[in-house]
There are 2 protein chains.
Amino acid sequence: MVSINDIAKALGISASTVSRALKSHPDISLETRELVKAYAAKVNYRPNALALSLKRQRSQTIGLIIPEIVHHFFSSVISGIEELAYSKGYRLIICQSNEDEARERINLQALIDHRVDGILVSVSKHTEKYDHFEEAIRDGIPIVLFDRAADMLNTDKVLVDDYEGGLLAVNHLVSKGRKRIMHLAAPEAMSVGRQRRKGYLDGLKTHGIDFERDLIITCDSRDGVLENQESILKLAPEIDGIFAVNDNTAISVIQLLTAHGFKIPTDISVVGFGNDPIASLVSPRLTTIDQQGFTLGRQAVEVLIHRLERPSVAGSNQTRVIGVTLQVRESS
Amino acid sequence: MVSINDIAKALGISASTVSRALKSHPDISLETRELVKAYAAKVNYRPNALALSLKRQRSQTIGLIIPEIVHHFFSSVISGIEELAYSKGYRLIICQSNEDEARERINLQALIDHRVDGILVSVSKHTEKYDHFEEAIRDGIPIVLFDRAADMLNTDKVLVDDYEGGLLAVNHLVSKGRKRIMHLAAPEAMSVGRQRRKGYLDGLKTHGIDFERDLIITCDSRDGVLENQESILKLAPEIDGIFAVNDNTAISVIQLLTAHGFKIPTDISVVGFGNDPIASLVSPRLTTIDQQGFTLGRQAVEVLIHRLERPSVAGSNQTRVIGVTLQVRESS
DNA sequence: CGAGGCATTGAAAACGATTACTTTGTATAT
DNA sequence: ATATACAAAGTAATCGTTTTCAATGCCTCG
């Protein structure tokens, strides 16, 4: 790897002249400039980004902390992030928290140590204390939270309109004549799940349907469905609709019900959330709420870069909400 | 952000003393050491990884170039890579080539500019010339190719046993009494697809089945199935088995055949490749070849770090092959 | 002919850390 | 008393680049 100093020595001129010649600084004579450029090209000179970052106090690098990579929604978000970051000249350092608070803390610190210009975070499911983020924010490190945010954190956020999604799901089920709608919900602690549940509740209220506590079952995965199969099957004869907090749960419950003789959607209509690719491949094809992961990722980067490239005005945090749409298929 | 110099000034000692005190160098008196450590902790000092990288000529960072992130197999690989890299103290910079050669070249250059210690690459589908990789390898940059490699490139490789997968698929179909087996294949240019096809051909040969050129159709996606539906449907009545180069294609062809009255697996057995999560959710559930993306990712990092941490012996390139297994389900 | 201007270039500091090589002062040995 | 050893600290170079502030030499103008 050849450096500016190597070039300077080889040509018998100073490093500063080389540096200036390479960027066509007007102070440098045409002759020298050409000479330097020709030689640099010949030896395939490439500026050392590390040295530049140190000098400029700017690494043109964005850090990303994500709960898990192997997940269609999250990988879509990552793709959107990479895409826009790349086109804006930023590199992306990625860390996986594996839904673990301790790991999330280590990741955050590592990114700060690497002097990334800003950090994008989707908070781990099991994070209970937020002081690591609070401290970073206090220290002026630009942080944008996406999808999974914490209300208490005072920073930019880019979220999916989970509430609207819950509303859309219930409206749709009601429009299909469904009146007793079960909700397979995420644990209370998850902001995302809370919003979907709130949408569900408000949707019922709008249509004058009384909310029944028993119809909400905390169950947000394939395993969850298996664990709760008794209660689900006991209620099944009395209900005519299900809104599941995600597609996997929706598909699992459809399989469970089908296996026990229920007809979907004749007996029970089912709506999922996420529009995972599997939703259109299972049978019956799943009605679900589409959330644009790729767009979410792009917007998160956009917000972050906006922050990076303007003098940050205090208290000007923005929250963007990405719209969702209902995808009607065969399960409802 | 406080630096070693800031600490030195604040305590009225030299930067070198601070540096040594922080790492408990024996030259420094216990008193000074404690003093420095206490102050560093108080002001929350963190070493600047950029400066360290520059000094050490080692960034503890690995670069990754991957064709696309939103893809179950690739995202599994990324997860495996991140997992092991993280535990070995390396950070991961990720770049998406989007199956585009020009972009791949830019990504490679960017990673080199950032002085990553080594690079993991899965070659883009549309890459025709490999001189960018050859040059990097010649310059001594440690590169490990995974999954999609190019024979001509002389470097470490970690591959899926695609050949064995093709073989397993055909063996299985034959064991089910199938004799006229169609292959939905990837274009010749893709090493991965070539190996799977070779496994298919050798599998047929092993069982004394004559290979029929017409039974190989180049078609490796949902769109491909639609484009080739005429030829597929024309051949359908004469065949009794299909080996598709990936799960998506397998699922699409099952949908096509089912829609036209064929019974799967009664009339035609279908085997896919990849063991994507959808394979066990569609109906009939898809028989397929399981490829361990996560393991592949870990192994790729392992090989790379092995290279990084030993003095690289010339011509000692290794190629690791990750085993595959047959997952029998309902489609065969 | 000397002052001022301008075109070119170089020296040195800075970014943050490490480290080989002094330097300083004290204690021990001869 | 003097040479020697050693502990503890500081100086300066280095990694690769940028940039401020000279320095040099030449030309022009009065």
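Naming convention: chains lettered A, B, ... in sequence-line order (proteins, then strands); numbering from 1 in each chain.
Counting heavy atoms from C-beta outward, B:I93 and A:H114 have side chains that stay 4.5 Å or more apart. Between B:V77 and B:S122, every side-chain heavy-atom pair lies at or beyond the 4.5 Å cut-off. The side-chain heavy atoms of B:V301 and B:L120, taken from C-beta on, include a pair separated by under 4.5 Å. A 4.5 Å side-chain heavy-atom check between B:R298 and B:Q292 finds every atom pair outside the cut-off.
Contact check, A:S19 against D:dT17: no side-chain N or O comes under 4.0 Å of OP1 or OP2. Note on A:K23: a side-chain N or O is less than 4.0 Å away from OP1 or OP2 of D:dT18.
Heavy-atom distances under 4.0 Å link DNA chain C to no residue of residues 108-119 of chain B. Residues from residues 41-61 of chain A placing a heavy atom under 4.0 Å of any atom in DNA chain C, listed by number, are A:L54, A:K55, A:Q57. Of the residues in residues 1-14 of chain B, B:S3, B:I4 come within less than 4.0 Å of DNA chain C through at least one heavy atom, sorted by number.
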Each nucleotide N or O in nucleotides 20-27 of chain D that has a protein N or O under 3.5 Å away: list the pair and distance.
{"residue": "D:dT20", "atom": "O4", "partner": "A:R20", "partner atom": "NH1", "Å": "3.1"}

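Read 5' to 3', the first and last nucleotides of DNA chain C with an atom closer than 4.0 Å to a heavy atom of chain A are C:dT8 to C:dG16.
Applying the salt bridge (Lys or Arg N to Asp or Glu O under 4.0 Å) test to A:R46 and every residue at least two apart in sequence or in another chain returns B:D113.
Residue-to-nucleotide proximity on DNA chain D shows that, of B:L30 and A:A15, the 5′-proximal contact is made by B:L30.
Closest approach of B:A300 to B:F146, counting heavy atoms only: CB-CB, 4.2 Å.
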